[in-house]
Amino acid sequence: INKHVKPYPYALSDCDGISRLSINKNEGTNSLLKSDETKDHPHNDLFYSLKTIKIVTKKLDDVFKDEEIDILKLDLQGGELNALKGATNLLAEKRIKSILCEVMFETTYMEQCKGTELISYILNLGFYIFNFYQTHFHHGQIYQTDILFIHNTLKETISQNSKHFFMPFSKYLLSIR
């Protein structure tokens, strides 16, 4: 319905090929990675795999050969790092301006990278953390969050523009001291 959204019939990864997609009890938990069904998850048995299907995988570099990406939204159930590794040209050529990425701090999938590893990878690509969104907790501990990373080349522009939309809380805190 939205002419600005174009669906693609494949999964993002660090290589082109064929992979297996785990179809779980809850479609929001489907992943190229197998669920770690031994863990205590906030969604309990919704991570349990019902079956796997074959799916074509592509690298972001091959999907967007000539385009620039203003916002790359990644919510790949543990596959975010692999997708970014498939975007080496886009990232080296600074054709991705920002990344909104789900980061999991608890292992949910087999062979899933640690949240801190994913964050470090993105920071080392020349991005900085702008903000956290939709943070979820499990038994009082941070479980996952979406992080908006902005490329360092846009830092000054974003800083100036964001002043119009966000309260300058630090200014008020400083005046209280």
Side-chain angles (χ1 to χ4, degrees), residues 5-39 41-43 46-130 132-136 138 142-152:
V5 175
K6 182 179 178 184
Y8 295 91
Y10 37 80
L12 296 176
S13 189
D14 57 348
C15 62
D16 294 336
I18 303 290
S19 190
R20 304 287 304 175
L21 178 69
S22 292
I23 305 299
N24 298 335
K25 274 183 138 178
N26 180 313
E27 68 183 22
T29 67
N30 295 349
S31 178
L32 292 177
L33 303 175
K34 291 181 182 178
S35 296
D36 186 349
E37 296 176 2
T38 65
K39 291 283 192 158
H41 299 291
H43 305 293
L46 297 181
F47 281 94
Y48 290 164
S49 182
L50 302 175
K51 64 180 179 178
T52 62
I53 60 170
K54 285 185 182 179
I55 190 165
V56 173
T57 59
K58 295 232 181 225
K59 296 187 296 186
L60 276 164
D61 280 340
D62 294 335
V63 176
F64 300 104
K65 292 180 180 171
D66 301 315
E67 292 88 355
E68 288 204 8
I69 299 171
D70 292 328
I71 301 172
L72 176 64
K73 168 70 167 106
L74 296 175
D75 185 347
L76 303 176
Q77 301 310 113
E80 293 81 4
L81 182 58
N82 286 342
L84 289 170
K85 287 182 177 180
T88 53
N89 293 335
L90 286 163
L91 292 162
E93 296 166 10
K94 299 180 177 98
R95 290 191 285 135
I96 298 175
K97 306 302 180 200
S98 61
I99 302 170
L100 181 58
C101 186
E102 180 180 67
V103 178
M104 292 187 237
F105 294 98
E106 287 297 310
T107 303
T108 305
Y109 299 94
M110 304 280 198
E111 300 178 25
Q112 167 193 333
C113 74
K114 294 185 182 313
T116 53
E117 179 184 354
L118 178 58
I119 292 169
S120 293
Y121 186 84
I122 296 171
L123 294 176
N124 287 330
L125 292 169
F127 289 81
Y128 71 96
I129 294 174
F130 182 78
F132 294 80
Y133 304 92
Q134 297 183 348
T135 303
H136 298 276
H138 184 56
I142 189 169
Y143 182 75
Q144 70 183 42
T145 191
D146 289 346
I147 301 177
L148 177 58
F149 298 88
I150 306 287
H151 198 273
N152 287 329

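To the nearest 0.5 angstrom, Lys65 atom NZ is 13.0 Å from Leu60 atom CG. Rounding to the nearest 0.5 Å gives a distance of 6.5 Å between CG of Leu50 and CG of Asn24. Distance check: Leu118 CG to Ile147 CD1 gives 7.5 Å after rounding to the nearest 0.5 Å. Taking OH from Tyr143 and NE2 from His136, the interatomic distance works out to 10.0 Å, rounded to the nearest 0.5 Å. Here the CG atom belonging to Leu74 is positioned 7.0 Å from the CD1 atom belonging to Ile99, to the nearest 0.5 angstrom. To the nearest 0.5 Å, the span separating OG on Ser49 from NZ on Lys25 amounts to 11.5 Å.
Lys85 approaches Tyr121 most closely through the heavy-atom pair CG-OH, 3.6 Å. Ile69 and Leu72 get closest at one heavy-atom pair: CG2-N, 3.7 Å.
Asp75 places no side-chain N or O within 3.5 Å of a backbone atom of Glu102 that could act as its donor or acceptor partner. A donor-acceptor distance shorter than 3.5 angstrom exists from the side chain of Asp61 to the backbone of Leu90, with no hydrogens or angles considered. Without hydrogens or angle criteria, Ser22 side chain to Arg20 main chain gives no donor-acceptor distance under 3.5 Å.
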*Give the intermediate values and the outcome of side-chain contact (heavy atoms from CB on, under 4.5 Å) for residues Leu100 and Tyr133.*
CA-CA 9 Å; Leu100 181 58; Tyr133 304 92; 4.2 Å; yes

_I'd like to know whether Gln112 forms a side-chain contact (heavy atoms from CB on, under 4.5 Å) with Met104, so could you lay out the CA-CA distance, the side-chain angles of the two residues, the decisive distance to 0.1 Å, and finally the verdict._
CA-CA 9 Å; Gln112 167 193 333; Met104 292 187 237; 3.4 Å; yes

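In this structure, the side-chain contact (heavy atoms from CB on, under 4.5 Å) partners of Ile150, at least two apart in sequence or on a different chain, are Ser98, Tyr128, Phe130, Leu148, Leu154, Ile158. Looking at residues two or more places apart in sequence or on another chain, you find a salt bridge (charged side-chain N to carboxylate O under 4.0 Å, His left out) between Glu93 and Arg95. With sequence neighbours excluded, the residues satisfying side-chain contact (heavy atoms from CB on, under 4.5 Å) with Leu123 are Ile119, Ile129, Phe149. Remark: Lys94 engages no residue in a salt bridge (charged side-chain N to carboxylate O under 4.0 Å, His left out) (not counting sequence neighbours).
Shown here is Ile71, whose CD1 atom has no more than 12 heavy atoms of other residues, nucleotides or ligands within 6.0 Å. The number of heavy-atom neighbours closer than 6.0 Å to NZ of Lys34, taken from other residues, nucleotides and ligands shown, is 12 or below. Counting non-hydrogen atoms of other residues, nucleotides and ligands closer than 6.0 Å to CD of Glu27 gives a total of 12 or fewer.
Side-chain atoms of Phe132 and Val103, non-hydrogen and from C-beta on, never get closer than 4.5 Å to each other.
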Table please: side-chain donor-acceptor pairs of residues 77-84 below 3.5 Å, with sequence neighbours left out.
unit_1 : atom_1 : unit_2 : atom_2 : d
Gln77  : NE2    : Gly28  : O      : 3.4
Gln77  : NE2    : Tyr109 : OH     : 2.9
Glu80  : OE1    : Gly78  : N      : 3.1
Glu80  : OE2    : Leu76  : N      : 2.7
Glu80  : OE2    : Gln77  : N      : 3.3

Result block: side-chain N/O donor-acceptor pairs under 3.5 angstrom for residues 6-18, not counting sequence neighbours:
unit_1 : atom_1 : unit_2 : atom_2 : d
Asp16  : OD1    : Lys59  : N      : 2.8

